[in-house]
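So you know, we letter chains A, B, ... as the sequences are listed, proteins then strands, and number each from 1. Please read all numbers here as calculations on a predicted model, not as lab measurements.
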Amino acid sequence: MRVVYRRQRSADTIIGMNGPTLKVAIIGAGVMGQQHARSWTQVPYATVTTICDFNHDAANKLATEFHAVATASIDSVLASDVDVVSVCIPTCFHTDTAVKVLESGKHLLLEKPMALTVEDCHTIEAAAEASGKLLTIGQVVRFFPEYENAKRAVDAGAVGTPAVVRCRRGGIFPLWGTWFHDVNKSGGAIYDVGIHEIDWLLWLFGPVERVYARSLTESLGEDCKQDFALVTLRHKSGVISHMEACWADPVVSYNAFEIAGDGGLLTHDSRNNATLFISTAEKQEAMSPLADADEPYNKQIAAFAKSIVDGTPLAVTGADGRAAIAVAAAALESSRTRKVVTL
Amino acid sequence: MKNIVLLSSAHLHADAYIHELSTVSDARIVGVYDNDPARAEAAGTRYGIPVFLALDAALDASDAAIICSENIHHEMFALEAIKAGKHVLCEKPLATTPEAALRMVNAADTAGVLLMTAFPCRFSPAYQQFKQLVNSGAIGDLRALRGTNQGMCPGGWFVQKELSGGGAVTDHTVHVTDLLRDLTGSEVESVYCELGNGLLHGDFEDTGVVTLEFEKDVFATLDASWSRPKSFTTWGNVTLYAVGSKGTLEMDMFNQEGMLYSDIKGKVGVQNWGSSIDRGMVAAFVESLLSGTLHEKAASGTDGLRAVEVVEAAYASTIALQPAKVNHRT
Ligand SMILES: NC(=O)c1ccc[n+]([C@@H]2O[C@H](COP(=O)([O-])OP(=O)(O)OC[C@H]3O[C@@H](n4cnc5c(N)ncnc54)[C@H](O)[C@@H]3O)[C@@H](O)[C@H]2O)c1
């Protein structure tokens, strides 16, 4: 049964009415699939009904936790009556799966990075266009309060006109996955971690004119699970930004940024934001908890759910996802050729 | 006892050098000469030292000179001092063009006097330990580096290109470049730079993000921007981050500081309590004078020249909009 939502009706009204339920399927029950399942569960009018992973154990485990049906077959998801699908599988499989999901008439939340090539991004966007279903990309950093705050501050002129920006993300190589070290599957650190910064930079400072980058991506592989990239972007607005994507630290991950403008400087370093620190013989950990409603993955999914039910414009579009991929692709090309790449 | 003369106090580092000289035995400051007589007077009063009204008299009275003039005058002062047979410690950047720097290096070589470039960061205990850790293999093979030397715009002659030779890229590329050359034991092969004037909107660059490719298989970026606003807590920073095959190493050279929240000054500021890098450098200069050979940690004139060549390539890349090869003079 397909649920027809009345447009212009707020999500709150629907909750109040005990109204229609969004049926959600998650494809890929790894680290991100688990996060999506948790966050969809926070949406009062959504239910996770299906977990799909070609690894049966992974699918079963997550399905049990969320009282959902487990399947190893994407086709069964496509044929089912779910309304929306979260695709959380390795990046190299994004395009095929995204197109199928959209063609089957379901809304799609596709994890970042959107795809490995700009061409693939176009293919996915075209599928969304043809199906009339909503497509969003998991550029979740836009929902991180410190990054969102920077957007608000910059737009409000807090640093005057921005001139030079630095940002950094990453640290520990994602050892939980079996595929990140393969550049043909993940794209390396620029695509996998850098994409967050690139999207945020584009969101705040607009399109990029040219890129120069150096990275260790060429040596990334089974025997060298390490990547590190330093990327300089020149935005059309004149802003210079320096982006650092790191998969090179055995222990510490952190993110940081600073935005210098003609009226001030805004800085952030996640290493300085702990509100809790526990120290025992077993464990030393800094923590920085947020209210559930402010938790970025929850916010990302709540925003998408709202767009589905009441037509609120998408926070992140397929075109946004593609714009970030275009910059990532240029950065990787620049690093390989040691030439400046103009977009 | 070595007699040292200060040739100009245009650069504010003169204050620190004079102060540190007073703590070094075996050397004394004999006076100051400046191309700007009023500035010479002021420095004489500030430091309590004699003022020379003629350069040759100043050089006659000394064994060595410390040059803290505007960048554009480094060459003139250095060549005069060298001609008079005096050793030279010259503020960075060594000169505003590689050609001028090369003339200084060659003149010193021919005259058999010492030419040292004022790169005090080499004497930072944090940097010394950074280098020792990298060289001992603590983080495995060195693969990539990221540095910053961000600061407040110093204003004055620093933003008058006819005196400084350039803006932030001229002023702040050289320190980190020198550290990276010293650390890697390798020369910079090519340089790419993005620069702009979006902070102060003057006719000089106030931002600069520079990528360096070393002859050894290592790359680096450095941020030379004058991007610390007037309201910032301190003048700026020197940081390095090294990625090795086994881990990372991070340095924040001037982080040994306390915060001072002052109602008296109406300002938040820092109080640095770290070891003075200037003391180490000035002491090394005096030791060099005594031994007749440049101290092992000191930056030579050639080191100063190499950094200026990197600045030249940085500017060249902004015209070509592609990385520029560094033209190494010999
Ligand atoms: N937004 C973020 O903060 C963030 C963080 C990590 C990863 N990601 C992205 O999420 C995606 C998934 O990453 P992950 O860390 O969860 O990976 P993961 O390796 O933890 O999980 C991937 C899961 O997908 C399954 N899978 C692989 N191919 C499949 C297919 N064709 N059909 C069904 N299941 C399949 C695997 O069995 C595995 O369980 C990637 O695109 C990654 O870049 C985003």
Report which part of [X] has an atom under 4.5 Å of a heavy atom belonging to chain A: side chain, backbone, both, or neither.
X	result
D223(B)	both
L249(B)	neither
K246(B)	backbone
S231(B)	neither
T148(B)	side chain
L195(B)	backbone
S225(B)	side chain

If you count every heavy atom of other residues, nucleotides or ligands that lies below 6.0 Å from [X] atom [atom1], does the total exceed 12?
X	atom1	answer
F277(A)	CZ	yes
Q128(B)	CD	yes
E187(B)	CD	yes
D269(A)	CG	yes

From [X] atom [atom1] to [Y] atom [atom2], the distance as rounded to the nearest 0.5 Å:
X	Y	atom1	atom2	answer
R146(B)	F228(A)	CZ	CZ	6.0 Å
L321(B)	T342(A)	CG	OG1	7.0 Å
Q322(B)	S334(A)	CD	OG	8.0 Å
T221(B)	R166(A)	OG1	CZ	5.5 Å

Quick one, [X] and [Y] - any side-chain contact, counting heavy atoms below 4.5 Å?
X	Y	value
V164(A)	V209(B)	yes
R168(A)	Y241(B)	yes
Q226(A)	V243(B)	yes
H242(A)	E194(B)	no

Can you tell which part of [X] gets under 4.5 Å to a heavy atom of chain B, answering side chain, backbone, both or neither?
X	result
T232(A)	side chain
R338(A)	both
L216(A)	both

[X] versus [Y], closest heavy-atom pair with distance:
X	Y	result
A248(A)	T248(B)	O-CG2, 3.5 Å
V340(A)	P323(B)	CG2-CD, 4.0 Å
G198(B)	A163(A)	C-CB, 3.6 Å
A260(A)	S227(B)	CB-CB, 3.7 Å

If we define contacts as heavy-atom pairs under 4.5 Å, which of G171(A), A213(A), G264(A), S215(A) has the most with chain B?
S215(A)
Highest number of heavy-atom pairs under 4.5 Å with chain B: which of L233(A), T161(A), L265(A)?
L265(A)
Select, from T211(B), N197(B), D206(B), the one with the greatest count of heavy-atom pairs under 4.5 Å involving chain A.
T211(B)
